[in-house]
*Asks:* 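Sharing a structure with you now.
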Amino acid sequence: MKPRYEYETTISPTSNLSSNSFLCMENRSLTLKPTQDTTECGREIKSLMWIYVLVGNIIRGMGETAIMPLGISYIEDFAKSENSPLYIGILQIGITISYWIGYSLGSFCANIYVDTDSVNTDDLTITPEDTRWVGAWWIGFLICAGVNILTSIPFFFFPKTLPKEGLQENGDGTENAKEEKHREKAKKENQRIIKDFFPLMKSLSCNPVYMLYLLISVLQFNTFVSMISYVPKYLEQQYGKSSADVLFIMGIYMLPPICLGYLLGGLIMKKFKITAKEAAYIAFWLSLSEYLLTLSNYMTNCDNFQVAGLTSSYEGVQHPLHVQNEVLADCNTRCSCLTNTWDPVCGDNGLAYMSACLAGCEKSVGNGINMVFQNCSCIRPSGNSSAVLGLCKKGPDCDNMLKYFIIIFSIKMFIFSLSSIPGYMVLLRCMKSEEKSLGVGLHTFCIKIFASIPAPIYFGALIDRACLHWGTLKCGVKAACRIYDINSFRYLFFGLPATLTGSSYLPAFFLLRLMRKFQLPEDTGSSETELAEMKLIEKEDNCTDVHRSPKVESDGELKAKL
C-alpha cells in the first residue's frame with residue numbers, strides 16, 4: 001500500500017495550534033521539524049509501486065506504438081495518392097482532440113488532492129497554486145484505461161485488407177478480380193518484408209533522402225518533446241499559474257490551432273495535388289517561419305517571485321543571484337527558524353517569505369488555508385502586520401505577458417501542424433511501396449529512442465541548474481525544486497530548443513538539394529498510374545509462357561501497354 005503524500009510544512013494539522021511551534025520563538029531546538037517523527041526517520045519507507053506504473057506504461061507503449069506507423073502505412077496503401085494527406089491530417093486531428101480531452105481531464109484531476117479519499121482536505125495548508133500540491137493523477141489513469149478497452153473493440157472487426165480506393169470507379173465488371181489481385185499483392189509484399197528484412201534495411205540506409213529526413217526528425221522532435229514536457233512548469237514559474245490552470249490553458253488555446261493546421265495541411269495537399277518535392281519546400285519554409293516566431297517569446301517574461309532572502313532582500317531590493325546566507329536577517333535571527341524549510345507566506349507589504357517564522361510572525365489565527373499570521377517583525381517592525389499562506393500573486397503586467405505568450409505559442413503550434421502533413425508526405429513518398437511499413441516503423445523507433453526518451457531527461461537536468469531552493473522531505477531527503485531563477489529558466493527553455501532546431505536546417509538544406517536531382521519513388525504516383533500498374537500485373541499473371549528479364553518501366557510505357 002502506497003503511504004500518503006506528506007508535503008513539506010512547518011504546520012501540523014494534528015498538533016495543538018495554540019502552541020505556535022511553527023512561529024517565531026526564542027531558544028527552540030532545530031534538530032527536527034515539528035512534523036517529523038523520530039521513529040520514522042530511522043526507517044525510510046520504500047515503496048515498489050513505481051514498478052507497477054513502469055510496467056503499465058510499457059504495456060501501453062507496446063499497444064499504441066503500432067497504431068501510428070502501421071495505421072499511416074495502412075492509409076497510404078489503400079487510399080488514392082491525392083487523398084492520403086487529407087486522411088492522415090484527419091488522423092492527426094483525432095490525436096490532437098484526444099490531447100485536448102486529456103488536458104481537460106488533467107485540469108480537473110489536478111484540482112483534486114492526491115489523497116482526497118483518506119485526508120481531510122479542510123486541514124490542508126496548501127492550495128493547487130502551491131508547488132507542493134500534488135493532484136489526483138491516478139483518477140486519469142483509471143478513466144483512460146477503461147476508455148482504451150472500449151475503443152480497442154472496433155479494431156477486431158477491421159478486415160485484413162481493403163480494396164484500393166479508386167479501382168471501383170473504373171469498373172468494367174472485374175472489380176472483385178481486381179480486389180483479389182490487390183490482396184494477393186499486399187500479401188506478397190508482407191511476406192517479402194519478413195523475408196527481405198535486412199535487404200530492406202540496407203535499401204533504406206542507402207536512401208539519402210530518407211536518412212536526412214530521419215536526422216531532421218530526431219533533431220526537431222527533441223525540441224518538440226522538450227518544450228511540450230516542460231511548458232506546464234514554465235507557465236507555473238513564469239506566470240504564477242497553478243497546474244490545473246496551465247492544463248486548461250493548453251487544452252483550450254493551444255490545441256485547436258493544431259487541429260486547424262492539420263486539416264488545412266491535408267486539404268492543401270489534396271486540392272493542389274502537391275508533389276513530394278513541392279511538399280519539402282513548403283515544410284521547410286513553414287518550419288523556418290515558426291523558428292523565427294519562437295524567438296519573440298524571449299520578450300514575454302515576468303519578474304521572479306519576490307521572496308525575501310532568495311530573490312530579494314528583506315527590504316524588497318531584487319538580488320541578481322541566490323545568496324544563501326541572506327535567508328536570515330536582523331528581524332528573525334532571534335526566532336530560531338529552520339532555514340531550509342519551504343512553507344511560504346505572503347506579507348501585506350507584497351513580499352513573500354520562506355516561512356512564517358522567517359517573516360518574524362509571533363501569532364496566528366484560523367486554521368487550514370485560511371490561517372493568518374500576525375505581528376510579523378520582518379514585514380513591519382512596529383505596528384500591525386500580517387501574512388497569509390502561499391506566495392504573493394504576480395501583477396497585472398504579468399497577466400498581459402501571459403496573453404502575448406499564448407497568442408505567439410498558438411500561432412507557432414498552427415504553423416508547426418500546417419508543415420507536418422507536407423513533411424510527412426516527403427517521408428512516405430521517398431520510399432518504395434514495400435519499404436513503407438518498415439520505414440515508418442524505423443522512423444517512429446528512432447524518434448522514441450533518440451528524442452522522446454532522452455529529451456525530457458537532459459532538458460530537465462539543465463532546467464534544474466536554474467533552481468534557487470530545493471524542497472526537503474523526511475530525514476533531509478531532497479525533494480522537488482520549489483522556486484527557480486526565472487530568467488535562467490527562460491534562457492534554457494527557449495535557448496536549447498532554438499539550438500537544436502537551428503542545427504536541423506543544415507541537413508534540411510542538403511535534403512532539398514538532393515530532391516532536385518533524384519526522382520522519388522512516389523513522386524509521380526497518381527491514382528491513374530496505380531490503376532495501370534494493377535491492370536498490368538493482372539495481364540502478366542495471365543501469361544503462361546513469358547520469359548523476360550525484369551524491367552523498370554515508366555508511366556508512359558505502362559499506359560501504352562494498356
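What you see is a predicted model; the values in this text were computed from it and never measured.
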*Asks:* Tyr253 and Phe409: aromatic ring centres closer than 6.0 Å?
*Replies:* no
*Asks:* Apply ring-ring contact (aromatic ring centres under 6.0 Å, His included) to residues Trp133 and Tyr7 and explain how you reach the verdict.
*Replies:* CA-CA 8 Å; Trp133 178 276; Tyr7 56 89; 8.6 Å; no
*Asks:* Is the number of heavy atoms from other residues, nucleotides or ligands within 6.0 Å of CH2 (Trp470) greater than 12?
*Replies:*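 Buried by this count: over 12 neighbours within 6.0 Å.
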*Asks:* Just by modelled atom types, is the Ser118 backbone N or O under 3.5 Å from a matching donor or acceptor in the Asp115 side chain?
*Replies:*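 No: the side chain of Asp115 does not pair with the backbone of Ser118.
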*Asks:* So do Val147 and Thr151 actually touch side chain to side chain, heavy atoms under 4.5 Å?
*Replies:* yes
*Asks:* Look at the rings of Phe221 and His443 and say which category their plane angle falls in: under 30° parallel, 30 to 60° tilted, over 60° perpendicular.
*Replies:*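 Aromatic pair Phe221/His443 classed perpendicular.
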*Asks:* Considering only heavy atoms from C-beta outward, does the side chain of Ile483 approach that of Thr131 to under 4.5 Å?
*Replies:* no
*Asks:* In terms of heavy-atom contacts, does OH of Tyr404 have more than 12 from other residues, nucleotides or ligands at under 6.0 Å?
*Replies:*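 No, the 6.0 Å shell around OH holds no more than 12 heavy atoms from other groups.
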*Asks:* I'd like to check Pro497 versus Thr294 (side-chain heavy atoms, cut-off strictly below 4.5 Å). Are they in contact?
*Replies:*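 They are not in side-chain contact.
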*Asks:* Testing the basics here: between Pro422 and Ile282, what is the closest heavy-atom pair and its distance to 0.1 Å?
*Replies:*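 Closest approach of Pro422 to Ile282: CG-CG2, 4.2 Å.
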*Asks:* Show the nearest heavy-atom pair for residues Ala283 and Ser419, with the distance to one decimal.
*Replies:*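 The answer is CB-O, 3.8 Å.
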*Asks:* Run the salt-bridge test on Arg482 and Asp130 with the 4.0 Å N-O cut-off and return the result as yes or no.
*Replies:*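 Result for this pair is no, no salt bridge flagged.
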*Asks:* Let me confirm one number: the CE-CD1 distance from Met299 to Ile408, rounded to the nearest 0.5 Å.
*Replies:* 6.5 Å
*Asks:* Do Thr501 and Thr223 have side-chain N/O donor and acceptor atoms under 3.5 Å apart?
*Replies:*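 Yes, side-chain donor-acceptor contact under 3.5 Å.
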*Asks:* Any side-chain heavy-atom pair from Phe493 and Asn297 closer than 4.5 angstrom?
*Replies:*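 In short, these two side chains do not touch, never coming nearer than 4.5 Å.
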*Asks:* Flag this pair as yes if the NZ/CZ of Lys394 is under 6.0 angstrom from the six-membered ring centre of Tyr239 and inside a 45 degree cone about the axis; otherwise no.
*Replies:*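 No cation-pi geometry.
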*Asks:* Is the distance between the ring centroids of Tyr484 and His469 less than 6.0 Å?
*Replies:* no
*Asks:* Under 4.5 Å between any side-chain heavy atoms of Thr96 and Trp100, yes or no?
*Replies:*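 A side-chain contact under 4.5 Å is absent here.
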*Asks:* Do Ile126 and Ile369 touch side chain to side chain, with heavy atoms closer than 4.5 Å?
*Replies:*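 Contact flag for Ile126/Ile369 side chains = no.
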*Asks:* Pairing donors with acceptors under 3.5 angstrom, does anything connect the side chains of Ser242 and Asp245?
*Replies:*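 There is such a pair between these side chains.
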*Asks:* For the atom pair CG (Leu247) and NZ (Lys241), what is the distance rounded to the nearest 0.5 Å?
*Replies:* 13.5 Å
*Asks:* Between Ser229 (side chain only) and Val225 (backbone N and O only), is there a donor and an acceptor less than 3.5 Å apart?
*Replies:* yes
*Asks:* Please enumerate all residues that pass ring-ring contact (aromatic ring centres under 6.0 Å, His included) together with Phe284, with sequence neighbours excluded.
*Replies:* Tyr505
*Asks:* Is it the case that over 12 heavy atoms from other parts of the model lie below 6.0 angstrom from the OH atom of Tyr113?
*Replies:*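 Yes.
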*Asks:* For the backbone of Trp342 and the side chain of Arg132, can you confirm whether one donor and one acceptor N or O come within less than 3.5 Å of each other?
*Replies:*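 Side chain of Arg132 to backbone of Trp342, a donor-acceptor pair under 3.5 Å: yes, one is there.
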*Asks:* Quick one: do Gln220 and Ser504 satisfy side chain to side chain donor-acceptor pair (under 3.5 Å)? Show the steps, please.
*Replies:* CA-CA 7 Å; Gln220 295 205 352; Ser504 71; 3.1 Å; yes
*Asks:* Between Ser243 and Glu236, is any side-chain donor less than 3.5 angstrom from a side-chain acceptor?
*Replies:* yes
*Asks:* When rounded to the nearest 0.5 angstrom, what distance separates OG in Ser98 from CG in Leu105?
*Replies:* 12.0 Å
*Asks:* Which pair of heavy atoms, one from Pro232 and one from Ile228, lies closest together, and at what distance?
*Replies:*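 Minimum heavy-atom contact is CD-O, 3.6 Å.
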*Asks:* Measuring from Leu511:CG to Ile216:CD1, what's the distance to the nearest 0.5 Å?
*Replies:*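 If we round to the nearest 0.5 Å, Leu511:CG and Ile216:CD1 are 5.0 Å apart.
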*Asks:* Please check if the distance between the ring centroids of Phe459 and Tyr230 is under 6.0 Å.
*Replies:* yes
*Asks:* Looking at side-chain heavy atoms only, is the closest gap between Tyr298 and Ser296 below 4.5 Å?
*Replies:*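 The answer is no; the side chains never approach within 4.5 Å.
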*Asks:* Which pair of non-hydrogen atoms, one from Ser226 and one from Ala455, has the smallest distance, and what is that distance?
*Replies:* OG-CB, 3.5 Å
*Asks:* Which word best sums up how the rings of Phe494 and Tyr234 line up, parallel for under 30°, tilted for 30 to 60°, or perpendicular for over 60°?
*Replies:* perpendicular
*Asks:* Once rounded to the nearest 0.5 Å, what's the spacing between atom OG of Ser203 and atom CD of Glu435?
*Replies:* 3.5 Å
*Asks:* Which atom names give the shortest non-hydrogen contact between Ala451 and Val218, and what distance separates them?
*Replies:*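 Scanning both residues completely, I find the closest heavy atoms to be CB-O, 3.9 Å.
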*Asks:* What is the minimum heavy-atom distance between Gly265 and Leu418, and which atoms define it?
*Replies:*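 It is N-CD1, 3.6 Å.
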*Asks:* For the CG atom of Leu402 and the OG1 atom of Thr300, what is their distance to the nearest 0.5 Å?
*Replies:*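 Separation between the atoms: 9.0 Å.
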*Asks:* Hey, does Val440 have a side-chain heavy atom less than 4.5 Å from the side chain of Met431?
*Replies:* yes
*Asks:* Would you check if the side chain of Asn304 reaches a backbone N or O of Asp485 as a donor-acceptor pair within less than 3.5 Å?
*Replies:*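 The answer is no, because no donor-acceptor pair under 3.5 Å joins these two groups.
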*Asks:* Going by atom types alone, do Asn222 and Tyr458 pair a side-chain donor with an acceptor below 3.5 Å?
*Replies:* yes
*Asks:* Between Tyr213 and Cys430, is a side chain to side chain contact (heavy atoms under 4.5 Å, CB included) present by the stated rule, with each step listed?
*Replies:* CA-CA 10 Å; Tyr213 186 92; Cys430 76; 5.7 Å; no
